[in-house]
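Take a look at the structure below.
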Amino acid sequence: MSDELKSHAKSADSATSRRAFLRSSAGLAAGGAVAQALTERAFAQPAGNADAGLARVQEQRRILIKGGVVLSLDPRVGDFAQADVLIEDGKIREVRPAIVVSAEGAAVVDATNRIVLPGFIDTHHHFYQGILRNILTNGLLNPDYNRDVSNTLTAAYQPSDVYAGVLVTALGMIDAGTTTAVDTSQVSHPPAHSDAGIRALQESGLRTVYAYSRGAGPSAKYPQDIARLQETSFNTSDQLLTLALGGTLDAKIFAVAREAGVPAVSHGVNGNTERTLVELGRMGLLQPGDEYIHCNHLSGIAWRLIRDSGGHVSLAPPIEMAMGHGMPAIQDAIDHGVRPSLSSDVDVTMAQDPFTIMRATFTLQRLLALQRSRNGELNVPRLLTCREVLEFATIEGARCALLDRKVGTLTPAKEADIVMLRADRLNVWPLNNAPGVVVNLMNPSNVETVFIAGKARKWRGNLVGVDAARVLRLAQEARDAVLRRADFKMNLLG
Ligand SMILES: [Zn+2]
C-alpha cells in the first residue's frame with residue numbers, strides 16, 4: 001500500500017452517515033454538480049477500540065481465525081460447521097477444529113457466526129471504467145457500448161483517469177469480497193496509461209492478473225509494449241500482480257503472448273469468431289491456461305478445442321443478458337466438460353459484486369433447465385447447486401487466472417486470501433445452509449473482513465489503509481474530466 005493511502009478508521013457512526021446521506025440527497029434533489037460534493041467528514045472517523053484488534057492482526061505473523069463456519073472448498077480439507085484457520089506468514093498453515101496457539105504467538109480473530117471461505121475471483125473486468133459506473137444504464141453492447149464507452153469515452157482518458165478508475169474499481173472489489181480479478185484493461189493509449197493502471201492495482205492490494213490490452217491513438221504501443229511491462233512491473237513472481245495479454249482471437253496477438261510466455265485472454269469469443277479459434281488451434285497457438293471470455297453460441301468443435309487445449313472460460317451472465325451478448329453459455333460449458341469461471345465485465349451497466357453474478361448464474365441455469373423439462377424434454381440437465389456456483393466464483397476463477405496453486409480454496413500452503421461473511425445479520429439469520437446463504441441471500445454488506453495474502457484489507461466492515469474520501473474525489477474529478485473532453489452528457493435522473 002502506498003504511503004499516499006493513509007489509514008482511516010472504523011465504521012462511520014450511524015448518525016453522521018445518516019446526516020451525510022440526507023445532505024447528499026438534498027443536494028441531488030437540487031440538481032447540479034454540487035450535489036455530489038463529498039465531505040471528508042463522512043469518512044474520517046476517530047480510531048476506536050476496534051483498531052486494537054486490527055493492529056494485532058497487522059503485527060503478528062500468525063493469525064488464527066477462530067470458530068467460524070468454514071467452507072474450504074477443497075474436498076481434501078473438507079468443510080466444517082465450526083473450525084479454525086491458521087495463517088502464518090501470509091499463507092494458510094492449517095484448517096481444522098480447535099487449533100491451539102499460545103495467546104502471545106498469534107492474533108486471534110473471532111469468527112463466531114461468520115462464514116469463512118476463499119475470496120471471490122472475478123475473471124474479467126475492465127477496471128478503468130470504474131469512473132463511468134452506470135453511465136450506460138440501459139445500453140446494449142451494440143451500438144451503445146461500442147460507440148459511447150469503447151470509442152468516445154475511452155479515447156478521452158488521460159493517465160490520471162485510468163489511475164482513478166482502476167483504483168476505485170479495485171477497492172470496490174475488495175470491499176465486496178473479491179480478492180482476485182483479471183483486469184482486461186483496454187485503455188493502453190500511450191504506455192503511460194498502462195503504467196497508471198498498474199500503479200493503482202499495486203496500491204489497491206488486490207491480487208490481479210493485468211491482461212494488457214489495446215489502446216487507441218497514434219502513440220499506442222500495443223502489443224509490443226508487453227516486453228517493457230514485463231521488465232518494469234512483472235519481473236518477479238513474488239507479487240500480487242501477474243501478466244497476461246488481452247486481445248481478440250488473432251494469430252499475431254497469440255504469437256506475441258507465446259513469445260512473452262504469458263496466457264492469452266481473448267475477448268468476445270462467440271459463434272462469429274469460432275472459425276478463427278479453430279484456425280489458431282490448427283496453428284498450435286492455443287495453450288493451457290488461455291482464457292476465453294463470453295463464449296456465447298460456440299459449436300461443439302469450438303468447446304472441445306477450448307477444453308482439449310487446457311483453456312478456461314469466463315462467463316458474465318448479468319452483463320451478457322442485459323447488454324445483448326447472447327445466451328450465457330453456462331449449460332454449454334458444463335455440457336462440454338468445462339467448468340466456467342464468472343466475471344462482472346463492466347459496471348457501466350451492472351454491479352461488479354460477486355453475489356450479483358453468482359445469483360444470476362444459479363437462477364438462469366435452473367430456469368433454462370426447468371423450462372426444458374416443462375416443455376416435455378426428457379434428458380434435461382441437472383440443476384446447478386449453490387455449492388457448484390460458489391466453486392465457479394472461487395476455485396474455477398483461480399484456475400482461469402492460472403492462480404490455483406496460490407488461491408481459490410482454503411488449503412494449507414496456499415496464500416491466505418480469505419473472506420469472512422457475517423451471518424448474524426437481519427438479512428440472512430438464522431443460518432441454515434452455508435453455501436446457499438452465500439450464493440442466494442447475501443450481498444456485499446455481509447462482507448466483514450477480507451485478507452489478501454494474509455494481510456487484512458478489510459477489517460470489521462471497513463477497508464484498511466484507504467483514504468476513501470481521496471479515492472472518491474479522484475473518481476469524481478476523473479469522471480468530470482473524461483466527460484468534458486468527450487463532450488458526453490450523463491443523465492443523472494434518467
Ligand atoms: Zn469485457
Side-chain angles (χ1 to χ4, degrees), residues 1-13 43-72 80 82-119 171 174-179 203-207 238-240 406-407 410-425 444-468:
M1 183 69 54
S2 117
D3 291 335
E4 285 179 276
L5 296 181
K6 60 176 196 256
S7 187
H8 105 96
K10 60 187 208 117
S11 85
D13 122 282
F43 300 93
Q45 298 295 319
N49 289 338
D51 281 358
L54 174 59
R56 197 153 163 71
V57 160
Q58 289 174 317
E59 266 153 31
Q60 291 285 341
R61 51 181 284 267
R62 282 149 65 96
I63 301 165
L64 183 64
I65 299 174
K66 191 137 196 68
V69 177
V70 176
L71 298 177
S72 78
F80 303 90
Q82 191 174 56
D84 308 336
V85 179
L86 180 62
I87 301 171
E88 192 173 277
D89 296 325
K91 296 198 167 154
I92 296 167
R93 174 68 187 268
E94 234 182 327
V95 182
R96 65 172 172 84
I99 298 174
V100 178
V101 289
S102 70
E104 61 283 0
V108 179
V109 179
D110 180 14
T112 309
N113 295 333
R114 273 78 168 170
I115 299 172
V116 180
L117 75 164
L171 295 174
I174 296 172
D175 203 27
T178 298
T179 52
E203 288 183 13
S204 74
L206 182 71
R207 190 184 299 280
D238 187 23
Q239 61 179 20
L240 292 175
K406 285 189 168 181
V407 295
L410 301 186
T411 303
K414 281 195 180 183
E415 301 206 5
D417 287 14
I418 299 172
V419 295
M420 292 171 58
L421 307 176
R422 272 196 86 149
D424 55 351
R425 285 290 169 96
S445 75
N446 295 98
V447 178
E448 186 195 41
T449 294
V450 177
F451 292 96
I452 300 177
K455 274 206 169 66
R457 294 294 181 182
K458 184 175 185 181
W459 175 255
R460 302 295 190 212
N462 294 287
L463 291 182
V464 175
V466 173
D467 180 349

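For reference, positions follow the sequence shown, starting with 1. Only a predicted model underlies this, so the values are computations on that prediction, with no experimental measurement involved.
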Q | Rounded distance [0.5 Å steps], CH2 in Trp459 versus CG in Asp51 | A | 9.5 Å
Q | Pair Lys458 + Glu448: basic N to acidic O under 4.0 Å | A | no
Q) Rounded to the nearest 0.5 Å, how far does CG of Asp417 lie from CZ of Arg457? A) 10.5 Å
(Q) Looking at Arg56 and Leu54, would you say the former's side chain and the latter's main chain have a donor-acceptor pair under 3.5 Å? (A) no
(Q) Donor-acceptor pair, distance only, cut-off 3.5 Å: does the side chain of Ser102 make one with the backbone of Gly105? (A) yes
Q | Backbone N/O of Gly67 and side chain of Asp84: donor-acceptor pair under 3.5 Å | A | yes
Q: Measure from the side-chain N and O atoms of Arg460 to the backbone N and O of Asn462, and report whether any donor-acceptor pair falls under 3.5 Å.
A: no
**Q.** Ionic contact status for Asp424 with Arg422, cut-off 4.0 Å
**A.** yes
(Q) Gln82: which residues meet the side-chain contact (heavy atoms from CB on, under 4.5 Å) condition with it, sequence neighbours left out? (A) none
**Q.** Value rounded to 0.5 Å, distance of CG in Leu86 from CD1 in Ile92
**A.** 10.0 Å
(Q) Looking at Lys66, I'd like to know if its NZ atom is crowded, meaning that more than 12 non-hydrogen atoms belonging to other residues, nucleotides or ligands lie closer than 6.0 Å. (A) yes
Q: Kindly check if the number of other-residue, nucleotide or ligand heavy atoms within 6.0 Å of CZ (Arg93) is above 12?
A: no
